[in-house]
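In each ligand, atom 1 is the first atom listed, and ligand 1 is the first ligand listed.
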Amino acid sequence: MTTTHTAELDVLVIGAGFAGIYQLDRLRDLGYNVQLWEAGAGPGGIWYWNCYPGARVDSEGAIYQFAYKELWKNWRYRELFPGWAEMRDYFRYVVDALDLDRSISYNRRVVSAVFDETNHRWVVQAEDGSTVRARFLVPCTGFGSSPHYPDYPGIADGAFTGEAGIHHTARWPQGDIDMTGLRVAVIGTGASGVQVAQEAAKVASEVYVFQRTPNTAFPMKQKQLTDAEQDELQVDIGERLARRLTTFAGFDYDFIPENAADLDPDTRTQRYEALWEHGGFRFWLATFQDILVDPKANDTAYAFWRDRVRARVKDPIVAAKLAPTEPIHPFGVKRPSLEQTYFDIFNQDNVHLVDQYETPIAEITSKGVRTSDAEYEVDLVVLATGFDSVTGGLTAIDIRGVGGQSLKEKWEDGFANHLGVTTKGFPNLLFAYGPGSPAAFCNGPMCAEAQGERIVQAIEYVTRGGHSRIESTDEADERWRQLEEDIVNASLFPQGKSWYMGDNIPGKKRQMLLYTGGLTSYLGEWESSVQADYAGFTIS
Ligand code: N01
């Protein structure tokens with residue numbers, strides 16, 4: 001441990017993903033003495049850590065970038081849906097273009113932050129012993145910075161001795177692993193599991209996919225972009241990026257103002273086919289407006305999806321496990337993924353589906369994975385088991401507010417905050433892309449800018465007004481919590497078990513972690529607060 005000099009800052013930002021980079025750049029432009037601490041060795045946030053084979057964005061690259069400062073003018077993605085390496089190139093481009101490296105400390109993981117009530121300062125400490133004092137603390141820890149490791153016997157004590165090891169997708173070795181000729185176990189079939197399995201199937205000698213809940217994935221329609229296609233995308237990119245601000249999920253498309261339940265089956269099917277053929281998330285986020293609220297409408301989307309998937313899988317038993325006759329949960333309430341070859345790989349001799357409902361995993365052994373009826377000997381175990389999502393990145397840091405109160409303890413029985421940004425008792429702690437914000441229901445860079453700018457303005461309001469503290473009131477926190485609950489309860493989301501609702505973490509309070517009212521409604525709520533002199537916040 002090396003203890004470095006305790007610096008005095010206006011703002012410390014945590015995390016060099018989209019949200020953190022926006023905060024750093026905007027606040028520095030405004031003249032604040034601001035630094036950013038990042039646990040990884042480079043920028044990118046989730047794109048730094050998730051470098052497993054096949055990791056890839058599921059938004060089209062063209063709209064998965066910053067709009068501000070016209071950074072897009074000098075950037076072109078080479079793939080329609082960029083992979084992690086290209087995302088890293090993008091982050092490097094942004095950091096260099098904005099000259100941010102001089103304000104970022106990499107390899108510096110924040111472990112604690114304590115509010116000094118006398119001086120109104122956050123005293124922040126990193127794992128390497130570095131400390132800093134800052135007036136404002138802005139954690140931008142994202143929705144997926146705290147990996148979830150299942151509690152199977154054998155994981156914690158490192159039982160597995162296979163040649164390529166056991167790795168969580170979000171802690172993949174930076175030097176990569178060549179899966180050629182290996183026997184690979186992929187545990188989990190969320191977006192990460194689907195992506196790894198597709199890649200492993202190309203080169204591994206055997207792939208065992210351990211599925212608990214089937215993934216309602218649909219076609220990505222990925223492609224490499226020619227120079228001409230890249231040029232064409234540049235033509236209206238400014239307008240497309242701007243349009244994101246006007247839609248429910250911050251994409252450049254939105255739900256159809258039409259109900260699936262009102263249409264005759266042929267017309268409805270035609271609409272689904274068009275969305276399906278277009279690829280990407282349109283089948284989820286540019287579909288009929290009643291899909292996520294009306295069970296009958298939802299069933300029509302599920303049936304379309306199921307039949308399309310089953311048509312691709314030769315073995316009817318495997319097909320029925322991948323796409324069950326009846327939905328396990330309403331379609332779209334557990335985050336779907338985009339796939340390229342995922343359902344086709346199960347037609348290959350080297351790919352095997354292991355149904356965890358029938359034969360659950362009992363332990364990780366020295367040789368591989370033992371279920372209730374067999375031991376699968378492998379060379380590599382991939383834990384694609386997700387995250388302690390949204391709140392996990394914040395509660396992984398020992399954050400202590402007024403009176404030494406711990407944020408983790410405060411939120412043990414569920415979180416409450418105002419506008420997804422502040423919580424009572426933690427002055428000058430403004431979290432971006434966190435719980436109660438649209439975050440993962442919203443295009444990442446878009447949300448980083450739209451919500452991020454409101455945070456910047458709040459800091460400006462406090463500072464230029466000569467104040468020293470901002471926090472929310474208990475009433476505002478409770479109002480926002482209740483509003484979120486009311487909105488989500490009017491939808492089908494609570495009917496599915498998902499990380500959105502905290503279901504994937506044993507013991508985690510069941511609560512929708514994100515604001516589901518849509519980006520435009522969220523920004524409207526901010527505007528109302530600002531117009532009323534930051535109603536819901538106590539500024540002193
Ligand atoms: O994690 P997940 P993820 N025993 O939580 C299973 C984003 N993302 O990393 O569904 C057995 O979705 C679990 O089973 P079940 C995206 O927002 C984006 O894949 O709980 N199985 C599930 O199958 C995504 O939604 C991209 O029954 C266990 C899987 O592990 C989010 O990140 C790429 C288990 C976890 O799926 C998370 O995705 C990757 C246990 N104890 C991720 N615990 C893009 O394409 C968990 N599972 C941009």
Side-chain angles (χ1 to χ4, degrees), residues 17-18 44-47 49-61 64 79 81-84 86-87 142-155 167-172 185-199 209-218 220 222 249 280-281 284 322 328-329 332-340 342 353-357 359-364 369 371-372 381-390 392-393 433 439-445 447 496-506 508 513-514:
F18 282 112
I46 206 150
W47 297 111
W49 295 101
N50 289 263
C51 56
Y52 58 83
R56 176 174 301 293
V57 189
D58 51 18
S59 308
E60 287 172 28
Y64 194 71
E79 291 187 301
F81 293 90
W84 65 267
E86 195 173 8
M87 284 314 306
F143 84 94
S145 58
S146 185
H148 166 57
Y149 290 83
D151 57 1
Y152 304 129
I155 289 196
H167 304 283
H168 195 288
T169 43
R171 289 291 179 272
W172 202 256
V186 180
I187 300 178
T189 56
S192 306
V194 164
Q195 291 180 333
V196 178
Q198 289 176 156
E199 296 307 309
V209 179
F210 293 82
Q211 168 187 284
R212 195 161 64 182
T213 310
N215 191 323
T216 50
F218 39 86
M220 174 177 268
Q222 163 70 337
F281 271 148
W284 184 37
L322 290 167
I328 304 233
H329 51 77
V333 305
K334 190 177 173 96
R335 194 174 183 282
S337 307
L338 298 182
E339 55 85 33
Q340 299 175 69
Y342 181 63
L353 186 69
V354 185
D355 183 345
Q356 291 194 65
Y357 291 137
T359 56
I361 294 175
E363 67 171 319
I364 302 298
V369 182
T371 66
S372 57
V381 177
V382 181
L383 297 174
T385 45
F387 304 92
D388 179 357
S389 303
V390 191
Y433 210 79
F441 269 125
C442 184
N443 176 314
C447 195
K497 282 188 172 179
S498 68
W499 65 255
Y500 287 151
M501 301 290 302
D503 294 309
N504 63 328
I505 302 300
K508 190 165 179 171
L513 295 168
L514 305 159

Suppose we screen for side-chain contact (heavy atoms from CB on, under 4.5 Å). Which residues come up paired with Arg212, at least two apart in sequence or across chains? Gln356, Tyr357
Taking side-chain contact (heavy atoms from CB on, under 4.5 Å) as the definition, give me every residue that meets it alongside Ile46, ordered by chain and number, with sequence neighbours left out. Asn50, Phe143
Tell me whether the rings of Trp284 and Phe441 are parallel (<30°), tilted (30 to 60°) or perpendicular (>60°). tilted
By side-chain contact (heavy atoms from CB on, under 4.5 Å) - contacts of Gln198 (at least two apart): Val194, Glu339, Gln340, Thr341, Tyr342
Nitrogen or oxygen contacts under 3.5 Å, ligand 1 side and protein side:
{"from": "ligand 1", "atom 1": "4 (N)", "to": "Tyr152", "atom 2": "OH", "distance (Å)": "2.4"}
{"from": "ligand 1", "atom 1": "4 (N)", "to": "Arg212", "atom 2": "NH1", "distance (Å)": "3.4"}
{"from": "ligand 1", "atom 1": "9 (O)", "to": "Ser192", "atom 2": "OG", "distance (Å)": "2.6"}
{"from": "ligand 1", "atom 1": "10 (O)", "to": "Thr213", "atom 2": "OG1", "distance (Å)": "3.3"}
{"from": "ligand 1", "atom 1": "10 (O)", "to": "Lys334", "atom 2": "NZ", "distance (Å)": "2.7"}
{"from": "ligand 1", "atom 1": "17 (O)", "to": "Arg335", "atom 2": "NE", "distance (Å)": "3.0"}
{"from": "ligand 1", "atom 1": "17 (O)", "to": "Arg335", "atom 2": "NH1", "distance (Å)": "3.4"}
{"from": "ligand 1", "atom 1": "19 (O)", "to": "Ala191", "atom 2": "N", "distance (Å)": "3.0"}
{"from": "ligand 1", "atom 1": "19 (O)", "to": "Ser192", "atom 2": "N", "distance (Å)": "2.8"}
{"from": "ligand 1", "atom 1": "19 (O)", "to": "Ser192", "atom 2": "OG", "distance (Å)": "3.3"}
{"from": "ligand 1", "atom 1": "20 (O)", "to": "Arg212", "atom 2": "NH2", "distance (Å)": "2.9"}
{"from": "ligand 1", "atom 1": "23 (O)", "to": "Thr189", "atom 2": "N", "distance (Å)": "2.9"}
{"from": "ligand 1", "atom 1": "23 (O)", "to": "Gly190", "atom 2": "N", "distance (Å)": "3.4"}
{"from": "ligand 1", "atom 1": "25 (O)", "to": "Trp499", "atom 2": "NE1", "distance (Å)": "2.9"}
{"from": "ligand 1", "atom 1": "27 (O)", "to": "Arg212", "atom 2": "NE", "distance (Å)": "2.8"}
{"from": "ligand 1", "atom 1": "27 (O)", "to": "Thr213", "atom 2": "N", "distance (Å)": "3.4"}
{"from": "ligand 1", "atom 1": "27 (O)", "to": "Thr213", "atom 2": "OG1", "distance (Å)": "2.5"}
{"from": "ligand 1", "atom 1": "30 (O)", "to": "Ala384", "atom 2": "O", "distance (Å)": "3.2"}
{"from": "ligand 1", "atom 1": "45 (O)", "to": "Arg56", "atom 2": "O", "distance (Å)": "2.6"}
{"from": "ligand 1", "atom 1": "45 (O)", "to": "Asp58", "atom 2": "OD2", "distance (Å)": "3.4"}
{"from": "ligand 1", "atom 1": "45 (O)", "to": "Gln195", "atom 2": "NE2", "distance (Å)": "3.1"}

Please report whether the ring centroid of Tyr64 lies less than 6.0 Å from that of Phe18. yes
Asn215-Ser337 side chain donor-acceptor pair, cut-off 3.5 Å: yes
